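The structure appears right after this line, and notes come after that.
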Amino acid sequence: MSEEKSLNFLEEIIEADLASGKYKTIATRFPPEPNGYLHMGHASSICLNFGLTQKYPGFTNLRFDDTNPVTEETEYVESIKEDIKWLGFTWKEELYASDYFEQLYEFALKLIQKNLAYVDDSTSEEIAKLKGTPTEPGTDSPYRNRSVEENLQLFEKMKTGEFPDGAKTLRAKIDMKHMNMLMRDPILYRIKHAHHHRTGDKWCIYPMYDFAHGQSDSIENITHSICTLEFVPHRELYDWLIEKLEIFPSHQYEFARRNLTYTVMSKRKLLQLVTDAHVSGWDDPRMPTISGMRRRGFTPESIRNFCEAIGIAKRENMVDIGLLEFYLREHLNSTAQRAMAVLEPLKMVITNYEEGKTEEFLSENGPDESAGTRKLPFSRELWIEQEDFMEVPAKKWFRLAPGAMVRLKSAYIVKCDSFEKDTGGNIKQINCSYFPDSKSGSDNSGLQVKGTIHWVSAAQSLLAEVRLYDRLFKVEDPSSEEGDFKDYINPDSLKIVQAYLEPSLKNVSPQERFQFLRKGYFCVDKDSTPGKLIFNRTTTLKDAWAKEAKKKA
RNA sequence: UGGGUUAUGGUGUAAUGGUAGCACAACAGAUUUUGAUUCUGUUUGUCUAGGUUCGAAUCCUAGUAACCCAACCA
């Protein structure tokens, strides 16, 4: 119970800040840009930011970083809020960087008045040229020494829309020879005559990330502003602006983003998969988006446990997706209702079972007795899985084969007497005899069998579409491979089959999760209806036989 | 020829000068009316080279490697 869990570097910083009295409570924020759907990488950040204020006194705000009207949309705002809620977190306030546009404008004025910002007429190309390179210093813009008065007037005109897009920018006056490229007079404001999803047409100048994020943090009294490693060089500018503006000193801390094997995680790449129709949409169950994973059947608990387990640090990483699957199975094993479904059917006829007779058996709904039982109809003709029969049994095979016996889960032991093939040589039916005294729960037969297989009574079975998903990519790290990452898409990432289900599944509703015995975990798709059942395979079960068979091959 | 960040088993993460630990994976075995679950056991690691110290993953010196920085994106 009281296992000592060591602290990650952020928890150490926070505990030190709390202990020293620097803060009595802490404040974090999750700052998505509403220009795409949230993915597993965001989940990591969400768990971190909200998790910290669950562990320590304080709160977490949800703040949309909406400073670029060209790419941002309300649709994304809604999906982001839904995903965070689904993951199980609650924000204190829902805020927008655009809420602060007026205040940010005042901040800019203050900087100009302190002669720490100026209006630059240079074109984008000229600015880039004068910026220098990481190894060569930049040179001052010819507009750098305008008077405070002139800057004030020009900035005002930028605001009132007197200039076209790109004609002028407001830049901080720092040092064009600075080692840190971001300190070479960074652009603070640019002109964009564009409609904003919240402020409409009120503004035609918009602050850049660096002039919005830290200031928003400060306005909200965020104590620990956590972001990913690529923002490390921004921290110097972040601190510079807070110092010159003389506002609440929020602090930025950086951690390494988590990478997952067999997938891609950048918005740009995910967008390509959607627009090029490699997947059906942002919520395609193969996507590493929160909405995709939800549709696939992942549970919030499993994602949270995974994020907790991988922790945070500052080093590069590539986390095995198998670990995520482990936490998925761990949670689903204890919560998913059991059911039987035959995915690739093969007919079994029990020749010594009376024609037209039906029996009902009880089968447990889960490993825990409290899950209860359900009824399964049994009759002369059943569907079993094709892969549970081998004409010529392999070594260590303990399923069906000519002359071999298995138990039908929760029912009788049967023995295979013969089988039939179609003209193409495919096995189309197997004929068995059952042992009446081997009935599940009252077995007096004395027979010992090694294998137990699942089955569905043919007459009472339900037909359903089952979508068998596999990993989206064939290689561990598609982004680091030669050529385009899309060349490494797994062509077998989706296989659709028509399956037979036990009748208890008749009235399932979307998002319900089941374990189909011996086949894996499945989730009812959002498009499923009682008239057309659709299940998504969330993940397979661990399969020791598959491993054994592979070893021999 | 710049600046920044980071190096611990196959993967992720601990150890804050004192027995290199945990989880996943892998391997072996037990149990099992799911070849699942559960249980037991095993293998594998401190980037390199020097130095300080009774003692170094940890401190010092010099290397090496990876990633980030030259968007009016965030």
Side-chain angles (χ1 to χ4, degrees), chain A residues 3-8 12 31-33 35 65-68 70-72 120 122-124 127-129 131-138 165-171 178-182 184 187-192 205-206 208-210 212-213 227-236 254 256 258 261 267 309-327 329-330 333-334 338 340 363-364 367 396-399 406-411 413 438 440-441 443 449-454 476 515-520 540-549:
Chain A
E3 79 198 51
E4 283 283 317
K5 198 164 184 298
S6 50
L7 304 177
N8 63 48
E12 279 180 10
E33 183 187 12
N35 70 345
D65 234 329
D66 56 349
T67 57
N68 187 357
V70 181
T71 57
E72 294 151 6
D120 194 338
S122 305
T123 64
S124 179
I127 289 176
K129 203 167 173 188
K131 194 149 210 169
T133 70
T135 52
E136 301 162 71
D165 286 5
K168 286 180 167 49
T169 56
L170 181 74
R171 300 178 71 180
H178 202 108
M179 292 293 189
N180 183 346
M181 297 290 287
L182 279 152
R184 321 243 258 230
I187 293 172
L188 268 20
Y189 266 92
R190 76 285 218 192
I191 302 171
K192 274 182 199 276
I205 54 171
Y206 292 94
M208 296 286 289
Y209 166 85
D210 287 303
H213 201 105
C227 60
T228 46
L229 240 34
E230 67 268 30
F231 290 94
V232 169
H234 292 251
R235 191 175 60 232
E236 196 170 7
E254 312 86 10
R258 320 308 317 211
T261 56
K267 275 187 198 169
I310 61 178
I312 61 146
K314 301 184 83 159
R315 64 185 90 105
E316 283 222 5
N317 58 82
M318 180 61 74
V319 185
D320 188 347
I321 194 142
L323 188 60
L324 176 57
E325 289 166 357
F326 167 81
Y327 285 102
R329 292 189 181 106
E330 180 184 61
N333 177 54
S334 59
R338 309 290 129 128
M340 293 207 276
S363 193
E364 65 278 14
K396 290 195 193 169
W397 177 258
F398 37 91
R399 281 121 89 157
V406 295
R407 170 168 301 276
L408 297 172
K409 171 71 182 173
S410 298
I413 290 175
S438 67
S440 183
D443 186 345
V449 292
K450 295 208 77 171
T452 298
I453 66 171
H454 61 282
E476 281 202 353
Q515 183 196 102
F516 289 169
L517 245 54
R518 304 207 303 135
K519 295 313 296 180
T540 57
L541 257 26
K542 276 176 73 180
D543 189 346
W545 169 250
K547 199 182 280 181
E548 182 71 27

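Chain letters run A, B, ... following the sequence lines, proteins first and then strands; every chain starts at 1. On a predicted model such as this, the values are computed, not experimentally measured, just so you know.
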Figure out the [atom1]/[atom2] separation between [X] and [N], and round it to whole Å.
X: A/Arg184; N: B/rC69; atom1: CZ; atom2: P; answer: 15 Å
X: A/Glu316; N: B/rU6; atom1: CD; atom2: P; answer: 12 Å
X: A/Lys131; N: B/rG2; atom1: NZ; atom2: P; answer: 21 Å
X: A/Leu324; N: B/rU11; atom1: CG; atom2: C1'; answer: 14 Å
X: A/Arg407; N: B/rU32; atom1: CZ; atom2: C1'; answer: 13 Å

Select base, sugar-phosphate, or nothing to describe what [X] touches, counting heavy atoms under 4.0 Å on all strands.
X: A/Arg258; answer: sugar-phosphate
X: A/Tyr327; answer: sugar-phosphate
X: A/Met318; answer: sugar-phosphate
X: A/Tyr209; answer: base
X: A/Pro367; answer: nothing
X: A/Ile312; answer: sugar-phosphate
X: A/Ser363; answer: nothing
X: A/Ala313; answer: sugar-phosphate
X: A/Asn180; answer: nothing
X: A/Thr71; answer: nothing
X: A/Gly311; answer: nothing
X: A/Leu517; answer: base
X: A/Lys547; answer: sugar-phosphate
X: A/Lys192; answer: sugar-phosphate

B/rA23: pairing nucleotide in any strand, Watson-Crick or G-U under 3.5 angstrom:
B/rU11

Residue mapping more 5' on RNA chain B - nearest nucleotide basis, A/Leu541 or A/Ser410
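That would be A/Ser410.
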
On RNA chain B, check which nucleotide each of A/Lys314 and A/Trp397 is closest to and give me the residue with the more 5' one.
A/Lys314

Side-chain touch [X]/[Y], heavy atoms, less than 4.5 angstrom:
X: A/Val449; Y: A/Val406; result: no
X: A/Leu182; Y: A/Arg235; result: no
X: A/Arg329; Y: A/Thr540; result: yes
X: A/Ser440; Y: A/Lys409; result: no

Parallel under 30°, tilted from 30 to 60°, perpendicular over 60°: which one fits the rings of A/Tyr209 and A/His234?
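Ring orientation, 0 to 90° scale: perpendicular.
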
With the side chain of [X] defined as its heavy atoms from C-beta on, choose the nearest nucleotide among [options].
X: A/Pro134; options: B/rG2, B/rU8, B/rC27; result: B/rG2
X: A/Leu229; options: B/rU34, B/rU5, B/rU11; result: B/rU5
X: A/Met179; options: B/rG3, B/rU33, B/rC72; result: B/rG3
X: A/Thr67; options: B/rA25, B/rU5, B/rA74; result: B/rA74

Check whether the side chain of [X] and the base of [N] form a donor-acceptor pair under 3.5 Å.
X: A/Arg338; N: B/rU34; answer: yes
X: A/Ser440; N: B/rU33; answer: yes
X: A/His234; N: B/rA74; answer: yes
X: A/Arg518; N: B/rU34; answer: no
X: A/Gln515; N: B/rU34; answer: yes

Could you tell me whether the side chain of A/Glu548 and the main chain of A/Ala544 form a donor-acceptor pair under 3.5 Å?
no

Any A/Thr133 side-chain nitrogen or oxygen under 4.0 Å from OP1 or OP2 of B/rG2:
no

Would you say a side-chain N or O of A/Arg190 is under 4.0 Å from OP1 or OP2 of B/rA74?
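For B/rA74, OP1/OP2 do have a side-chain N/O of A/Arg190 under 4.0 Å.
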
Salt bridge or not between A/Glu325 and A/Lys542? Use side-chain N to carboxylate O under 4.0 Å.
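No.
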
